[in-house]
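A, B, ... follow the sequence lines: proteins, then strands. Residue 1 opens every chain. Small disclaimer: the values here were computed from a predicted structure and weren't measured.
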Protein chains: 2
Amino acid sequence: MATIKDVAKAARVSIATVSRVINNTDKVGEVNRSRVINAMNQLNYTPNANARALVKQKSSTIGVVVPDITDPFFASLANGVEEVARASKMQLLLSTGKQSEASELEAINLLIERRCEAIVAYSKLIPDDKLCLLSKKFPSLILIDRYIADIADRCIWLDNIEGGRIAARHLLSLNHQKLAVINSNYKIDDPLLRLTGFKQVVEKQNLTLPKNLVVSYEPTLKGGELAAQDLLEQKLSFTAVFAYNDAMAIGAISVFEDNGYKVPSDISIIGFDDVLLSQYSRPKLTTLHYPINKMATNAAKLAITYNAENIQQGFDFKNTPHLIKRDSTALKR
Amino acid sequence: MATIKDVAKAARVSIATVSRVINNTDKVGEVNRSRVINAMNQLNYTPNANARALVKQKSSTIGVVVPDITDPFFASLANGVEEVARASKMQLLLSTGKQSEASELEAINLLIERRCEAIVAYSKLIPDDKLCLLSKKFPSLILIDRYIADIADRCIWLDNIEGGRIAARHLLSLNHQKLAVINSNYKIDDPLLRLTGFKQVVEKQNLTLPKNLVVSYEPTLKGGELAAQDLLEQKLSFTAVFAYNDAMAIGAISVFEDNGYKVPSDISIIGFDDVLLSQYSRPKLTTLHYPINKMATNAAKLAITYNAENIQQGFDFKNTPHLIKRDSTALKR
DNA sequence: TTGAAAGCGCTAACAT
DNA sequence: ATGTTAGCGCTTTCAA
């Protein structure tokens, strides 16, 4: 590809002059300017962003690490970061850290090598201490969906406990007393936290949540189906279910209906996340909205802020889900 | 951040030696090697990928342009490219080209400035001639989901006409004779091509597709709902529907059912794309599988191949959708 | 308004 | 085995 030198030669000016017209940074005489422009066109010149990044010491790049862009939840996350990148005239470098600490670490590291000016990372497998070290080393690394006390000012997270509480309150307000929970069996905090909040509210009402009616499977459609089957085999009656996420809820609904239970008239069910799916399901899913897109834009802005060493106040580090009432929950008959 | 010079100074060796241990390219004495490694750790050294890209004349970057990463279809596309990047030890630069020629053009251009070694672009708004020019200028630019005769060797596309035919054949094989079509009103080729194929088969059977029963709306859930309402108001009977995509199909199903028609017993409906949604819907959607992930990996590999000026044979430029029979179509009663 | 030159961080000859 | 040095393509002083 043509370089700035080629253009300078063709236009019979110095490379400094070419640089000036490219960046519009200094006065350049009319004659020279148009000669440069002509030369650039003729040579199909495109500036080399890597060279520019090197000398200017800024990459105009914002990095994001997610496990799987195919998951709508992570797509929203990436999208949020992208919106900020776009608004800041930066570009998005996407790195996937799949199901292992090493992989997550590598993903972040690649982004640092690229000298991203900001990094938003969804990491569940790197232990707290390593993340602390990393964030010391690289101040504009923001963790999303994770809370580490030592670096709380670099964490944008969701209050999962409160989410569980909200779900419980909703079901209780519909007069349900016999409750069940379909949880995720992933080894991360979220399932436990949501269950904790749910239990808190339930037990405050002097109701109990039988162990048999708390089942854990993979947080997928299939997992939801298995969970529902499990629940139905317990021979313990329940009229409402709190599912770990929308996919599980939808899987469960299909099994319930296949077994002759109507949702919501026989069984109410509430999901979590409010991904696109929940609007497409039949019945439309009542769920907790996880403001991941907003959290991601916040995280990106925060990361940029730290990069500028220009710490600002007013970021929503802690976020709270809110109830979206649709058609999968109803008053107990 | 620490540079290679800092490391060299701390380790009391030359930068060449440091470079050698970083890249494991030459023999380095045991003593020096460990001194360098220590220095790197102490200084938290991370090599600067931009500098490396500059001198090595390769960025190890593969670019992808999509309109919206939030759309599961484009997420799959990006995912396919990411898989190839990962396998090739490259990284993914994501650029969004939203709903305008200028925006698509800018997205591609930013990727070229970054000196991506390969670019996979989903572009519907840039006219053929400009795209031809661009692909001359930048040989490792591959177009996905688009066919331009002049640069056919840089296009990975889906045979939409055949898709329409397959849908029609399927419905016909189920003895449906009164057919309707829910199409997209976007100003791109795809809707027309799918309809063309569909019609070909229908008319070959001496059946007709009444104009009133071909309706066009936005290719979304909402659009599908509107389309279904429109269809129901036509007072023309039909027993099977070909929808432009899964989202429209699912939207339509909900309206049909709300109006007392059962799917598939009263109305059969077939979608297009086979996105995740189609497995989650009730009934599960019969649809045409659009092998976008595979097409994307192919496009990425092809792009890399062109970059290496090492043109290989055997790429699937033209792709054909195939039928996924699920539960939304049934024999006409 | 213009050009010469230094240098961003790194790799890769070429010496030694 | 190790060091010296010349760039990669660009921006930015500093002079003219």
Revision key, fill the gap. Looking only at heavy atoms, the pair that brings A/T297 and A/K294 closest together is OG1-O, 2.8 Å
Point to revise | Atom NZ of B/K137 with >12 non-hydrogen neighbours under 6.0 angstrom | key: yes
Practice item. Check B/S123 against B/R146 and note the closest heavy-atom contact, atom names and distance. Key: O-NH1, 3.0 Å
Revision key, fill the gap. Taking every heavy atom of B/L302 against every heavy atom of B/D153, the minimum-distance pair comes out as CD2-O, 3.9 Å
Would you tabulate the pairs of protein nitrogen or oxygen atoms and nucleotide nitrogen or oxygen atoms of nucleotides 2-6 of chain C closer than 3.5 angstrom?
from	atom 1	to	atom 2	distance (Å)
C/dT2	OP1	A/N32	ND2	2.5
C/dT2	OP2	A/G29	N	2.5
C/dG3	OP2	A/S14	N	2.9
C/dG3	OP2	A/S14	OG	3.0
C/dG3	OP2	A/T17	OG1	2.6
C/dG3	N7	A/R20	NH1	3.2
C/dG3	N7	A/R20	NH2	3.4
C/dG3	O6	A/R20	NH2	2.5

Study note, to complete from the structure: By nearest-nucleotide position on DNA chain C, the 5'-leaning member of B/I22 and A/K56 is A/K56
Practice item. Starting from C1' on C/dA12, measure out to CG on B/N24 and report it in whole angstrom. Key: 16 Å
Exercise for review: Mind calculating the distance between CZ (A/R114) and C1' (C/dG9) to the nearest angstrom?
Suggested key: 15 Å
**Study point:** Interface limits on DNA chain D, where chain A has a heavy atom under 4.0 Å of a nucleotide atom
**Key:** D/dC8 to D/dT13
Practice item. Check whether any side-chain heavy atom of B/I69 sits under 4.5 Å from a side-chain heavy atom of A/E82, and report yes or no. Key: no
Exercise for review: Check the distance between C/dG9's P and A/N48's CG and give it to me in whole angstrom.
Suggested key: 17 Å
Exercise for review: Could you state the atom-to-atom distance from CD1 of B/I4 to C1' of C/dG7 in whole Å?
Suggested key: 16 Å
Point to revise | Electrostatic pair A/D189:A/K124 at N-O distance under 4.0 angstrom | key: no
Exercise for review: Indicate whether the side chain of B/T61 and that of A/R114 have a donor and an acceptor atom separated by less than 3.5 Å.
Suggested key: yes
Practice item. Keeping the roles fixed (side chain from B/S19, backbone from B/I15), state whether a donor-acceptor pair exists under 3.5 Å. Key: no
Point to revise | Contact under 4.0 Å: B/N23 side-chain N or O vs C/dT11 OP1/OP2 | key: yes
Practice item. Verify the contact: side-chain N or O of A/K58 to OP1 or OP2 of C/dC8, cut-off strictly under 4.0 Å; return yes or no. Key: no
Review point. So, do B/V120 and B/L77 sit near enough that their side-chain heavy atoms are less than 4.5 Å apart?
Key: yes
**Study point:** Inter-end axis angle, the helix from C/dT1-D/dA16 to C/dT16-D/dA1, with every axis fitted to five base pairs (rounded, 10 degrees)
**Key:** 40°
Exercise for review: Kindly assign one of parallel, tilted or perpendicular to the pair B/F74 and B/Y122, based on the angle between their ring planes and the thresholds 30° and 60°.
Suggested key: perpendicular
Study note, to complete from the structure: B/D6 CG to C/dC8 P, in whole Å, measures 10 Å
Practice item. Could you check whether the rings of A/W157 and A/Y147 sit parallel, tilted or perpendicular, using 30° and 60° as the cut-offs? Key: tilted
